[in-house]
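None of these values were measured; they are calculated from a predicted model. Proteins get letters first, then strands, A, B, ... in listed order; numbering begins at 1 in each.
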2 protein chains.
Amino acid sequence: MKVAVIPTADAVTKESVVNKSVVMFDILRASSTISTALANGCKEVIPVVEVEDAFAVAKTLSENTFIIGGERGALKVPGFHLGNSPLEYTADVVSGKTVILTTTNGTKATSRAAAGASQVFIGSLLNISALARRIMEQGKDVVLVCAGTRGKFSLDDTLAAGMMVRELVQLWRNRPDAPASTIQVAEQNKPGVVYLDEVPVISGHALVLEDAAVAALRLAEAYLDNPLRGLYDCLHGQKLAQLGFAADLAYCAQVDILDVVPVYQDGKIIIER
Amino acid sequence: MKVAVIPTADAVTKESVVNKSVVMFDILRASSTISTALANGCKEVIPVVEVEDAFAVAKTLSENTFIIGGERGALKVPGFHLGNSPLEYTADVVSGKTVILTTTNGTKATSRAAAGASQVFIGSLLNISALARRIMEQGKDVVLVCAGTRGKFSLDDTLAAGMMVRELVQLWRNRPDAPASTIQVAEQNKPGVVYLDEVPVISGHALVLEDAAVAALRLAEAYLDNPLRGLYDCLHGQKLAQLGFAADLAYCAQVDILDVVPVYQDGKIIIER
């Protein structure tokens with residue numbers, strides 16, 4: 001089982017995701033908002049790329065059955081019910097509803113990841129363990145896609161991807177059939193036995209971390225005691241805090257408060273049961 | 001002064017390097033070999049992209065004034081004097097000579113970085129402090145280019161870039177005119193005051209680390225006590241070790257054993273005096 005990390009949505013190619021489990025991270029704030037809305041009982045989230053698309057989708061739905069949310073420049077779009085703050089998506093507001101969501105980075109990342117992948121999950125710190133268990137059950141090679149911020153590497157998403165790598169390593173280590181030596185690369189301090197590019201790795205026989213996955217793991221370890229610090233070491237996190245969204249950062253930095261596995265299927269994100 | 005990190009040579013654009021100080025890292029092994037050859041008294045290193053180019057350049061030079069070196073698939077090219085092991089480039093062999101060098105990743109990274117940059121330096125762990133001092137004296141925005149391995153993110157180069165970020169932060173902190181608060185992003189645990197994309201940062205008034213520079217710094221901190229472990233956590237490092245180049249890894253993992261600043265000018269790499 002190989003673990004890859006892709007640093008920005010723009011770097012996703014069809015080849016990199018085909019037949020793999022993909023997890024999309026845009027933790028500030030789209031993927032945290034999606035996980036929260038679903039955990040609070042919303043029926044489904046429909047991610048759309050453009051603001052006009054959101055209104056167009058709304059027109060196809062019955063009154064009072066949907067919520068339109070999202071942001072441009074981190075702020076609520078005029079005419080929308082909600083912005084992109086996960087704290088707005090309470091059970092009172094979203095339970096039983098369809099949420100139509102458009103965000104700057106996350107929506108695009110999801111649709112790019114969806115082209116060819118076996119399955120696309122939506123990842124955040126909030127639900128990292130639930131997702132890691134699901135990925136491990138599936139046993140396929142996994143690609144962790146960091147949405148990034150306006151095409152650039154973003155610390156927050158890579159921190160979350162690293163937390164996922166860490167969970168996968170721990171789950172792998174706890175498998176009854178997996179001796180410690182089958183975790184390659186990250187757990188070795190001597191010449192390795194797996195060349196990722198040259199030797200076929202039999203899925204299920206080794207957990208292989210690509211270099212970018214090892215680097216993400218080290219980043220997660222650096223902020224393990226205080227993920228919120230990571231969000232403040234990040235330019236996008238700083239910008240959100242300055243705009244008045246410090247409470248969102250504190251919320252999104254929480255690890256494993258939600259037990260949901262959001263999955264993207266046929267243009268909608270639902271909870272996998 | 002902004003500090004950016006570019007994860008692979010392919011991601012270098014003219015816009016990203018124009019008028020900036022660029023440092024190219026391909027520490028396993030091209031940039032370690034170049035630094036070593038120059039420290040051991042070679043006159044200049046001429047990097048070329050293709051094997052044929054190396055022989056063509058050699059034809060223009062007088063007999064016994066040059067050494068042809070480099071690798072394909074990490075191994076010495078037939079007809080070359082040397083491979084790409086820094087340990088081969090001893091004073092006995094290279095002193096006073098021109099070294100013509102072609103390597104798989106590093107040569108391309110250097111030429112891409114050279115297009116538009118103010119200056120291009122060649123970086124390795126071996127000479128990280130000497131380079132950081134030079135970069136800081138220059139005072140320009142700096143772009144740390146990781147060559148990567150066959151177009152992919154490579155842990156070794158990013159580790160070295162992170163060591164450079166760490167040196168720059170330390171040098172900045174020791175400036176008599178720089179209060180601690182002027183180091184942005186990496187050194188803060190609360191809302192920041194600089195938005196890199198939106199507010200002009202006056203060079204010399206703040207050291208601003210882009211997200212990728214913060215991530216590289218965290219990676220360097222993770223391996224600070226044992227950089228060699230980082231090289232073995234890296235697939236390219238493992239491959240080199242398996243091919244018999246473990247001594248090269250041990251050599252390239254050494255921090256600050258050379259006091260040279262290799263600079264790329266007009267197609268040649270020389271020591272900056």
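- In this structure, Leu235(B) and Asp211(A) approach most closely via the heavy-atom pair N-OD1, 2.9 Å.
- With respect to chain B, the highest number of heavy-atom pairs below 4.5 Å among Ala11(A), Pro7(A), Gly237(A), Ser154(A) belongs to Ser154(A).
- Counting heavy-atom pairs closer than 4.5 Å to chain B, the top residue among Ala215(A), Ala216(A), Ala222(A) is Ala215(A).
- Smallest separation of non-hydrogen atoms from Val214(B) and Leu155(A): CG1-CD2, 3.9 Å.
- Side-chain contact check for Phe153(B) versus Glu210(A): every heavy-atom pair is 4.5 Å or farther apart.
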Would you be so kind as to tabulate the donor-acceptor pairs closer than 3.5 Å made by side chains of residues 246-253 of chain B, with sequence neighbours excluded?
from, atom 1, to, atom 2, distance (Å)
Asp248(B), OD1, Ser85(B), OG, 2.7
Asp248(B), OD2, Arg29(B), NH1, 2.7
Asp248(B), OD2, Ser85(B), OG, 3.2
Tyr251(B), OH, Thr36(B), OG1, 2.8

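- The distance from the OG1 atom of Thr158(A) to the CZ atom of Arg218(B) is 13.5 Å, given to the nearest 0.5 Å.
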